[in-house]
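One structure is given below, encoded as structure tokens.
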Amino acid sequence: MNDVENVKAIKGGEFLIRETTAESIFIPEEWNEEQLMIAETCNNFLAQHVTPNLNRIDAQEEGLMSHLMDEAGALGLLGISVPEEYGGFGKDFKTSMLVTEKLGAGNSFSVAFSAHSGIGTLPILYYGNDAQKQKYIPKLTSGEWKGAYCLTEPSSGSDANSGKARAKLTEDGKHYLITGQKMWITNAGFADVFTVFAKIDNDENLSAFIVEKDFEGITLNTEEHKMGIKGSSTRQVFFNDCKVPVENLLSERQNGFKIAVNILNIGRMKLGGGTVGASKEVISMAVKYANEREQFGRAISKYGAIRHKLAQQAILTYAAESAVYRASQNMEEATDMLIESGLDEIKAKLKGTEQFAIEAAIIKVHASEVLDYVVDEGVQIYGGMGYSAEAPMERAYRDSRINRIFEGTNEINRMLTVDMMLKRAMKGELDLMGPAQKVAGELMSIPDFSAGGDEGPFTKEKKYIANFKKAILMVAGAAVQKLMTQLAKEQEVLMNLADMLIELYVSESLQLRVEKLVGLRGEESCKEQLDMMRVYINDAAEKIARSGKEALNSFAEGDEKRMMMMGLKRYTKTDDLNTTQARRNIAAKLIAENKYCF
């Protein structure tokens with residue numbers, strides 16, 4: 001692997017072929033005083049306005065969610081990253097991610113907040129002209145107007161560009177008439193401004209329009225009855241010759257699909273941050289309950305089976321958080337470099353985000369699945385009370401499930417991860433071929449079994465991660481060579497490769513975080529974090545081995561297959577680790593602090 005000469009020059013997807021230094025990444029332990037104050041504002045907002053009213057929110061009490069959005073707007077939470085000229089705070093991307101993370105513990109409110117401040121606001125902020133931004137962004141930032149995003153249709157979910165909504169220009173050329181049906185529209189019940197996607201005439205691609213609720217020709221269906229996030233307004237929206245002024249065309253004609261894709265990249269990152277916040281809150285509830293609930297004369301937190309669950313919840317959440325802020329920093333640095341090169345700030349933000357679309361997809365998948373694991377085990381820790389609507393775990397369990405569908409299903413995002421990686425390689429943007437050929441040659445050589453374990457506290461983990469990269473390059477290179485154009489149709493293989501990439505990226509992100517933290521605080525103060533890193537990488541090795549084996553078994557054969565299976569075993573080998581004791585150490589810290597404390 002090549003050392004990074006300038007971390008700011010790292011491209012999206014290059015984590016597979018380049019080494020990253022711990023000093024170059026951002027870790028949450030580095031939040032400054034102002035950012036911590038913003039985080040505390042979010043915590044206080046939830047404690048005062050949201051958590052005491054969760055039942056009222058889920059009952060969709062008339063006007064309550066809209067009022068909560070007003071309160072959030074008054075605190076400036078709806079415009080953290082909106083430029084000051086439009087009434088926002090103009091903070092960086094990491095700070096906006098921090099707000100998303102903290103408010104992610106707000107159940108249905110977090111959905112309304114994210115939909116408004118993300119997909120409800122950003123299309124206009126990033127793609128609107130000066131007049132559009134001046135008209136809409138200040139009111140969306142203050143909360144005076146609420147935003148919604150109308151993309152999905154009954155016949156077009158993952159295949160968004162196949163939507164049937166149509167727009168046609170009136171004879172006088174002053175308006176577009178939009179006709180069509182949109183479904184699963186978050187915030188639809190109280191939104192004032194809709195970003196609506198439709199094709200003009202028989203265009204191949206979508207266009208986007210800014211539509212106000214008072215424009216004639218809009219009707220709403222009743223609220224959807226959902227498994228979870230019951231407090232989130234979700235309705236179908238019908239457009240029947242909805243009259244939209246031509247000046248409300250957003251960006252250029254047929255640019256709608258590009259808008260949708262780029263906004264989804266941001267949405268995937270934000271969803272990852274939000275699910276991390278939700279996971280932390282659930283773990284805190286689980287720890288407190290385990291400390292309070294007694295069985296057989298002692299708190300259930302004293303039992304090994306419960307401690308294992310608490311520790312695993314924390315390990316996965318800490319790892320997901322590490323990946324979220326590593327990628328957030330990368331996006332931010334890419335944006336800054338583009339601005340320095342002379343690119344317009346908004347265009348730089350879009351291009352910087354697009355550059356790390358692979359990482360955004362990885363984070364969306366991993367963090368949403370971590371939350372599902374955390375809430376499932378949360379219910380189990382609560383036992384019978386976990387299944388009762390009187391306790392908080394039942395709501396958390398139901399509310400979490402949508403995150404694996406939001407912002408593109410996890411299956412779609414897995415396939416996108418590999419597809420984007422390979423397409424960048426084909427364009428010459430990523431040199432995957434050279435490293436893959438090097439690994440193929442290494443398979444024919446005598447393995448290097450030298451220990452090299454005394455060079456530093458992270459030498460062993462760095463070698464594991466370097467080998468994970470080799471395993472992926474080996475399997476992916478063989479898949480491309482063997483399946484060629486058919487690879488795109490072999491979804492099971494793509495899913496295997498994606499799972500390998502996900503475990504690599506999260507493992508490396510966690511290792512780098514802990515290495516940097518140890519450098520800041522010393523090993524003695526980071527015992528539990530070191531345990532979390534070791535357990536996660538140990539488990540990741542097994543997952544990568546399993547996914548690689550499944551992939552190879554599906555397309556390889558003969559001596560070639562036997563050689564690659566031996567290579568896979570070599571590249572996913574780790575030393576024995578007492579994971580039981582490591583998890584006990586982590587759980588003991590959680591139990592002593594009576595909350596998620598990392």
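Taking CZ from F190 and CG from L64, the interatomic distance works out to 10.0 Å, rounded to the nearest 0.5 Å. In this structure, CD in E332 is found 11.0 Å from CE in M97, a value given to the nearest 0.5 Å. The distance from the OG1 atom of T121 to the OH atom of Y149 is 12.5 Å, given to the nearest 0.5 Å. Summarising the geometry, atom CZ belonging to F257 is positioned 9.0 Å from atom CG belonging to L151; distances are rounded to the nearest 0.5 Å. In this structure, CZ on F113 lies 9.0 Å from CZ on F45, to the nearest 0.5 angstrom. In this structure, CG in L264 is found 8.0 Å from CD1 in I119, a value given to the nearest 0.5 Å.
Two residues are said to be in side-chain contact when any heavy atoms from C-beta on lie closer than 4.5 Å; T317 and K280 meet this criterion. You'll find the side chain of I137 reaches within 4.5 Å of the side chain of V82, heavy atoms only. Side-chain contact between P123 and L250 is present, with heavy atoms from C-beta onward closer than 4.5 Å. Residues Q355 and I10 have side chains not in contact (no heavy-atom distance under 4.5 Å, counting atoms from C-beta outward). P83 places a side-chain heavy atom less than 4.5 Å from the side chain of L125. With contacts defined as side-chain heavy-atom distances shorter than 4.5 Å, the pair I339/L343 does not qualify. Residues F239 and T219 fail the side-chain proximity criterion, which asks for heavy atoms closer than 4.5 Å. Counting heavy atoms from C-beta on, the side chains of S279 and Q313 never come closer than 4.5 Å.
Contact check on K516 versus E30 returns a salt bridge, with a Lys/Arg side-chain nitrogen under 4.0 Å from an Asp/Glu carboxylate oxygen. The pair E85-K133 does not meet the salt-bridge criterion, since no charged nitrogen lies less than 4.0 angstrom from a carboxylate oxygen. A salt bridge is absent between K243 and E216: the closest approach of a Lys/Arg side-chain nitrogen to an acidic carboxylate oxygen does not fall below 4.0 angstrom. The pair E345-K349 meets the salt-bridge criterion, with a side-chain N (NZ, NE, NH1 or NH2) lying under 4.0 Å from an Asp/Glu carboxylate O.
For the residue pair T234/K226, the side-chain donor-acceptor check at 3.5 Å is satisfied. Side-chain polar atoms of E101 and Y325 form a donor-acceptor pair below 3.5 angstrom. A donor and an acceptor atom, one from each side chain of S368 and N410, are located under 3.5 Å apart. Side-chain contact of S233 with E223: a donor-acceptor pair under 3.5 Å is present, judged by distance alone. With hydrogens and angles left out, the side-chain atoms of N107 and R395 include no donor and acceptor closer than 3.5 Å. Looking at Q312 and E377, their side chains never bring a donor and an acceptor atom within 3.5 Å of each other. For R166 and T179, the side-chain atoms include no donor-acceptor pair closer than 3.5 Å. Side-chain polar atoms of K94 and Q329 form a donor-acceptor pair below 3.5 angstrom. If you check the side chains of D92 and T95, you find a donor sitting under 3.5 Å from an acceptor. For the residue pair E359/N330, the side-chain donor-acceptor check at 3.5 Å is not satisfied. A side-chain donor-acceptor contact under 3.5 Å links S155 and K164. Inspection of the Y397 and D372 side chains reveals no N or O donor paired with an N or O acceptor under 3.5 Å. Donor-acceptor pairing under 3.5 Å is lacking for the side chains of S207 and Q254. E503 and Y536 share a side-chain donor-acceptor pair at under 3.5 Å.
In this structure, the ring of F26 has its center less than 6.0 angstrom from the ring center of W31. Taking the six-membered ring for Trp and the full ring otherwise, F209 and Y176 have centroids separated by under 6.0 Å.
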Check against salt bridge (charged side-chain N to carboxylate O under 4.0 Å, His left out), E321 and R513
CA-CA 10 Å; E321 182 186 37; R513 178 183 185 177; 2.9 Å; yes
Salt bridge (charged side-chain N to carboxylate O under 4.0 Å, His left out) between E212 and K135, worked out:
CA-CA 12 Å; E212 298 176 27; K135 180 177 180 180; 3.0 Å; yes
Check step by step if salt bridge (charged side-chain N to carboxylate O under 4.0 Å, His left out) holds for K146 and D70.
CA-CA 9 Å; K146 316 302 187 296; D70 290 339; 2.9 Å; yes
Determine, stepwise, if the pair Q181 / Q236 fulfils side-chain hydrogen bond (donor to acceptor under 3.5 Å, both in side chains).
CA-CA 7 Å; Q181 175 185 0; Q236 292 188 54; 2.3 Å; yes
Walk me through whether E407 and K364 qualify under salt bridge (charged side-chain N to carboxylate O under 4.0 Å, His left out).
CA-CA 8 Å; E407 311 291 359; K364 189 273 178 186; over 6 Å; no
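Counting all heavy atoms, side chain and backbone alike, A39 lies closest to K102 at CB-CE, 3.8 Å. Across every non-hydrogen atom of F197 and A208, the tightest pair is CE2-CB, 3.8 Å. Among all heavy-atom pairs drawn from M532 and L510, the shortest one is O-CD2, 3.9 Å. The shortest heavy-atom contact between C242 and V211 is SG-CG1, 3.9 Å. Listed here is the closest heavy atom pair of S232 and Q60: O-NE2, 3.1 Å. Residue G277 comes nearest to A105 through the heavy atom pair O-CB, 3.9 Å, listed as atom of the first residue, atom of the second, then distance.
Around CD of Q380, the count of heavy atoms belonging to other residues, nucleotides or ligands within 6.0 Å does not exceed 12. Annotation: W184, atom CH2; neighbour count of heavy atoms from other residues, nucleotides and ligands within 6.0 Å does not exceed 12. At most 12 heavy atoms of other shown residues, nucleotides or ligands fall within 6.0 angstrom of atom CD in E252.
Note on ring orientation: taking the six-membered ring where Trp is involved, the planes of Y289 and Y382 are parallel (angle under 30°, cut-offs 30° and 60°).
By the salt bridge (Lys or Arg N to Asp or Glu O under 4.0 Å) test, E528 pairs with no residue at all, sequence neighbours left out.
Using a distance-only test at 3.5 Å, with no hydrogens or angles considered, no donor-acceptor pair links the side chain of T417 to the main chain of A498. Using modelled atom types, one side-chain atom of T41 and one backbone atom of M37 make a donor-acceptor pair closer than 3.5 Å.
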